[in-house]
Amino acid sequence: MSRRSPTGESRVPFADLAEVRSQFPCLQQQIHGKQLIYLDSAATSQKPSQVIEAVDSYYREYCSNVHRGVHTLSERATSRYEGVRPKVAVLINAPDPHSVIFTRSTTEGINLVARTIGRSRVGEGDEVLISAMEHHANIVPWQMLCEEQGAILRVIPCDENGDLILNDLGSLITDRTKVVSVGYVSNAVGTRHDVKKIISAARTRGAITLIDAAQAISHIPVDVEDLGCDFLAFSGHKMYGPTGIGVLWGRKELLDQMSPWQGGGDMIRTVSFERTTYADTPWKFEAGTPNIAGVIGLGAAVDFLNDVGFETIQEHESQLVAEAMARLDQVEGLSIIGRPSHRISVISFILDGIHPHDAGTIIDQHSVAIRAGHHCAMPLMKHFGVPATIRASFAVYNTHDEIEALTSAIESVKAVFR
Ligand code: C6P
């Protein structure tokens, strides 16, 4: 069945959408007496049964610690845990699975880099470059590092559309620039940045580069070889995986040179009171008992992404976003915040004279889940001159009918304040 969208383009039918949706138990419920419409996947995506079952089966069938026991359960857990590294490596086209470090989240991955190689490379008077559109997770760790080392935090500006201004990179990246850390996709307004251009400019000056891929990883194929970056961080929970698990990928030769950041069990080779020697990469960065269930669930999430396929994901989500933009543009009194040249999955907007939090509460009464707030991007909100926005974010399980439900919930908000 192929229908026409408000943009006038014919819609490619997404035949398996019902099947994909049926795999998400949390979507099969009513909120306030109506079918839940979940448009907050940028905050965290819902989880398919295969992820929930993978976590469940670890706890029910082979719960044990990894890398320690000689018993069968521990060997099973270790082999499933370690089996996720190559899966993640293939997902991001990393040449070496041992360059995949399991972290708690994107936030932890960025902090790890700032506190290890960041500390050793950034000195007094040096510079760290981020962008005006970063999530706080890619601002605060660098700010802390700069304060500690007497370095300077510089910022790539953005324009009124929510696109980064990249024509002055030559003066922003100098011999003093030691780290360049930017997001791939803005969580607040949805811009897909030209990170390759930024990475290549940084490399010519010898700066290390980190890409925050939190909002990219479940929407587009991410390829670290093609990007040419040194580090890439993302969270499992935004890619249909569990909370509390993330990945930091790093160029193996850099990881090998870096010191560990947390000490404890599992990251050592030998310990005596005089001296400790460390395990190899990646284990030297994974101190203590890891989130074993989280890693196993993450592996199932990678399988889910591969099963659906990025071609399908991109085609479906880009149609949803185009249709939502067209519908929202027709709503009187609604202003879209940010009109970037390349947008992924996220639309932010405000309603005339109505605080986003009030709007969000009323929209929830219509069983539509959106996020209202500053989206952990306070400098960007300041740039747009708003304290907060209402944000709708889309994932592969969303439907065209849900856009209709969102717009009618917005009309109800307006009616309350009329
Ligand atoms: N953004 C959102 O609603 P953690 O919390 O570590 O899993 O992810 C942090 C993070 C880092 N970078 C970007 C671009 C992000 O979007 C996020 C998380 C959520 O937009 C929660 S604030």
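Not measured: the values here are computed from a predicted model. As the structure lists them, so they are numbered: ligands from 1, and atoms in each ligand from 1.
Enumerated by chain and number, the residues approaching ligand 1 to less than 4.0 Å through a heavy atom are A42, A43, S105, T106, T107, H135, A137, N187, D212, A214, Q215, S235, H237, K238, R371, C376, R391.
Remark: of the listed residues W249, F285, W283, W283 is the sole one forming a ring pair (Phe, Tyr, Trp, His ring centres under 6.0 Å) with H98. Among I337, V386, I390, the one residue that satisfies the side-chain contact (heavy atoms from CB on, under 4.5 Å) test with S348 is I337.
A parallel orientation is assigned to the rings of H355 and H357, their planes being inclined by less than 30° (bins at 30° and 60°).
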Which pairs of donor and acceptor atoms, one on a side chain in residues 226-236, lie under 3.5 Å apart (sequence neighbours left out)?
unit_1	atom_1	unit_2	atom_2	d
D226	OD1	K196	NZ	2.9
D226	OD2	K196	NZ	3.3
D230	OD1	R251	NE	3.0
D230	OD2	T209	N	3.0
D230	OD2	T209	OG1	3.4
S235	OG	T106	N	2.9
S235	OG	T106	OG1	2.4

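For E134, there are no salt bridge (Lys or Arg N to Asp or Glu O under 4.0 Å) partners, not counting sequence neighbours. Applying the ring pair (Phe, Tyr, Trp, His ring centres under 6.0 Å) rule to H136 yields the partners H374; only residues at least two apart in sequence or on another chain are considered.
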